[in-house]
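See below for the structure under consideration.
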Number of protein chains: 2
Amino acid sequence: MIQIDYKDSRPIYEQIVEKFKNLILKGVLTTDEKLPSVRSLALELAINPNTIQKAYAQLERDGFIYTVKGRGNFVAEKEDLVMEKKEEILAELRQLLLMAKEVGIQKEELLALFQSLGEK
Amino acid sequence: MIQIDYKDSRPIYEQIVEKFKNLILKGVLTTDEKLPSVRSLALELAINPNTIQKAYAQLERDGFIYTVKGRGNFVAEKEDLVMEKKEEILAELRQLLLMAKEVGIQKEELLALFQSLGEK
DNA sequence: CATGTGTATTACTTATCCTAGTACACTTAG
DNA sequence: CTAAGTGTACTAGGATAAGTAATACACATG
């Protein structure tokens, strides 16, 4: 299901996070589906359970899965995922617009930027 | 002119960068004014010249100063500084707006955000 | 060409990150 | 209620990266 690439310089847990994100985004894993337990996956990949744990914790922070103690890890709703991403972007946008104002970027410049993107 | 705080956990070069940025933004150091040489400041602070060098390199990357080999480091024009900051913000904004589009944030939402900030 | 300037190379020390070992805590099936 | 499966916390070892220093090089100017 998941495979580690030791030629890849990125840490193992990061590779795992990415693979699961792909599986979820592509719909291979669907809402509320159970992920392999930390132990079973650790056994399968011949690595330490804590490394899987770290990957799962990351996936949870990013809103891709939810965890139930003693039961396992499950795929989160895609709706939630999108909403969360939206909120993130809007928050960043707010902050950036404030900075823009401080630096004296004119409203017209911003609106122009806006329009140019909308047209594509 | 500059002082190191050893209780501060941040690296020395970073403290120096910040102090000079403040001095420049507050106008204590004015355009084309010469900064202390790497050696003299290193001597004064009893640290290695390379650490000062690292700080100055950072300040140059950030557009706060410009360097002339064999002559020294000098305060950059404030105009340039602001322009650079502007470009940075606009670039980030462009990227963020693209992401917003990908996630399906509506034009109305963005415009509303714009307006709310403009009114303050 | 001597002195003051920035720069490059190298190495040492320290802090941070990744992974592992182990023990603990919760949930459910039987 | 206990056994087996689950996630979690704590600690420690090893590798990697970051900060600083020592030293030597290169450019500018009087």
Side-chain angles (χ1 to χ4, degrees), chain A residues 1-21 23-24 29 31-76, chain B residues 1-21 23-24 29 31-76:
Chain A
M1 182 177 210
I2 293 278
Q3 215 165 357
I4 300 174
D5 177 9
Y6 283 102
K7 294 186 299 297
D8 193 331
S9 65
R10 290 175 310 165
I12 298 173
Y13 83 93
E14 213 173 295
Q15 292 185 40
I16 295 175
V17 166
E18 194 204 295
K19 304 224 167 167
F20 273 112
K21 280 187 179 178
L23 290 175
I24 292 172
L29 292 173
T31 302
D32 294 329
E33 188 171 344
K34 189 171 180 298
L35 275 66
S37 77
V38 283
R39 274 179 186 73
S40 65
L41 187 55
L43 200 64
E44 188 185 325
L45 301 180
I47 60 177
N48 192 284
N50 259 326
T51 303
I52 309 294
Q53 156 65 18
K54 188 164 186 177
Y56 281 6
Q58 178 73 46
L59 285 167
E60 192 184 22
R61 268 196 303 279
D62 294 348
F64 280 74
I65 67 175
Y66 61 93
T67 302
V68 186
K69 260 204 217 170
R71 293 205 51 221
N73 292 274
F74 307 87
V75 177
Chain B
M1 184 177 209
I2 293 279
Q3 216 165 357
I4 300 174
D5 177 8
Y6 285 102
K7 294 186 298 297
D8 194 331
S9 65
R10 289 175 311 165
I12 298 172
Y13 82 93
E14 211 174 296
Q15 292 184 40
I16 295 174
V17 166
E18 193 204 294
K19 302 223 168 163
F20 273 112
K21 281 188 179 175
L23 289 176
I24 292 172
L29 293 174
T31 302
D32 294 328
E33 188 170 345
K34 188 171 179 300
L35 274 66
S37 76
V38 284
R39 276 180 185 72
S40 66
L41 187 55
L43 199 66
E44 189 186 324
L45 301 179
I47 61 177
N48 192 282
N50 260 325
T51 303
I52 308 294
Q53 157 64 17
K54 188 165 188 177
Y56 281 7
Q58 177 75 45
L59 285 166
E60 193 185 20
R61 267 196 304 279
D62 294 348
F64 279 74
I65 67 176
Y66 62 92
T67 301
V68 185
K69 262 204 219 171
R71 293 203 52 221
N73 293 274
F74 307 87
V75 177

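Everything numeric here is computed off the predicted structure, so don't read it as measured data. Protein chains get the first letters and strands the later ones, always in sequence-line order, with residue 1 at the start of each.
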Exercise for the section: Can you measure from CZ (Phe74(A)) to CD1 (Ile65(A)) and round to the nearest 0.5 angstrom? Expected result: 10.0 Å
Problem - For Val75(A) against Tyr66(A), the heavy-atom pair lying closest together - result: O-CE2, 3.3 Å
Problem - Point-to-point distance, once rounded to the nearest 0.5 Å, from CD1 of Ile12(A) to CD1 of Ile4(A) - result: 4.5 Å
Completion exercise
Here the residues of residues 3-13 of chain B within 4.0 Å heavy-atom distance, strictly under, of DNA chain D are Pro11(B), Ile12(B), Tyr13(B)
Handout entry: Rounded distance (nearest 0.5 Å) linking atom CD of Gln15(B) with atom CD1 of Ile2(B)
Key = 10.0 Å
Practice task
Send over the distance from Asn48(A) CG to dA9(D) P, rounded to a whole Å.
Solution key: 15 Å
Handout entry: Distance in angstrom units between Glu14(B) CD and dA15(C) C1', rounded
Key = 14 Å
Handout entry: Spatial distance of atom CG (Leu35(B)) from atom CD1 (Ile52(B)) [nearest 0.5 Å]
Key = 10.5 Å
Handout entry: Gap between atoms CD1 and C1', on Ile16(B) and dA21(D) respectively (whole Å)
Key = 14 Å
Handout entry: Interatomic distance where CG belongs to Leu59(A) and P belongs to dT8(D) [whole Å]
Key = 12 Å
Practice task
Do nucleotides 2-10 of chain C as a string where each nucleotide becomes B, S or -: B if the base has a protein heavy atom under 4.0 Å, S if just the sugar-phosphate does, - if no protein is that close.
Solution key: --BBBSBB-
Completion exercise
The reported gap from CZ in Phe20(A) to CG in Leu59(A) (rounded to nearest 0.5 angstrom) is 7.5 Å
Practice task
Check whether any side-chain N or O of Lys54(B) sits under 4.0 Å from OP1 or OP2 of dG19(D), and answer yes or no.
Solution key: yes
Exercise for the section: To the nearest Å, give me how far apart CD1 (Ile52(A)) and P (dG5(D)) are. Expected result: 18 Å
Practice task
Measure the shortest side-chain to side-chain distance between Pro36(B) and Tyr56(B) over non-hydrogen atoms and say whether it is less than 4.5 angstrom.
Solution key: yes
Handout entry: Interatomic distance, Phe74(A) CZ vs dG5(D) P [rounded to whole Å]
Key = 16 Å
Problem - Sequence neighbours excluded - salt bridge (charged side-chain N to carboxylate O under 4.0 Å, His left out) pairs with any residue from residues 10-21 of chain B - result: Asp8(B)-Arg10(B), Arg10(B)-Glu18(B), Lys21(B)-Asp62(B)
Exercise for the section: Indicate whether OP1 or OP2 belonging to dA21(D) is found under 4.0 Å from a side-chain N or O atom of Thr51(B). Expected result: yes
Completion exercise
Here the pair of heavy atoms bringing Ala55(A) nearest to Ile16(A) is CB-CG2, 3.8 Å
